[in-house]
Amino acid sequence: MKPIPTNWRKSSRSHQVSNCVEVGSFGSGAAVRDTKDRAAGYVSVDGARWNDFLAAIKSGRYAR
C-alpha cells in the first residue's frame with residue numbers, strides 16, 4: 001500500500017515561482033510532487049533514501 005503523505009510544503013527558495021516541487025512526509029519517509037499538477041501524484045521514498053538525497057544536495061553533488 002502506498003503511503004499517504006501529509007504536511008506538504010514548498011521550498012522557501014522557490015519565491016512563489018510556478019516551477020517548483022512540494023515535499024510531504026509520512027512516517028520516516030518523504031514524497032515529492034509537482035506544484036503545477038498535484039493530481040498527477042507523487043514519488044515517495046523511505047527515510048534512509050531521503051536522508052541520502054538530502055546529504056548529496058548539501059554536499060553539492062547536484063550543483064549546476
List in chain and number order the residues that pass side-chain contact (heavy atoms from CB on, under 4.5 Å) with Ser44, two or more places apart in sequence or in another chain; answer none if no residue qualifies.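 Once residues adjacent in sequence are excluded, the partners of Ser44 under the side-chain contact (heavy atoms from CB on, under 4.5 Å) criterion are Lys2, Pro3, Phe26, Ala31, Tyr42.
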Between Ser25 and Thr6, is any pair of side-chain heavy atoms under 4.5 Å apart?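 Side-chain contact under 4.5 Å: yes.
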Are any of the side-chain heavy atoms of Trp50 and Val32 separated by less than 4.5 Å?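 Yes, side chains in contact.
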Does a side-chain N-to-carboxylate-O contact under 4.0 Å join Arg33 and Glu22?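 Here Arg33 pairs with Glu22 in a salt bridge, since their nearest N and O are under 4.0 Å apart.
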Results of salt bridge (charged side-chain N to carboxylate O under 4.0 Å, His left out) for Asp52 - residues two or more places apart only: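 In terms of salt bridge (charged side-chain N to carboxylate O under 4.0 Å, His left out), with neighbours along the sequence ignored, Asp52 is linked to Arg49.
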In terms of hydrophobic clusters joined by side-chain contacts under 4.5 Å, are Val45 and Phe53 together?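 They do share one cluster, since a chain of ILVMFWY contacts under 4.5 Å joins Val45 to Phe53.
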Are Val21 and Ile4 co-members of a hydrophobic cluster defined by side-chain heavy atoms under 4.5 Å apart?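 No, no single cluster joins them.
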Rounded to the nearest 0.5 Å, what's the gap from SG on Cys20 to CG on Asp34? Could you check?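 CG of Asp34 is found 8.0 Å from SG of Cys20.
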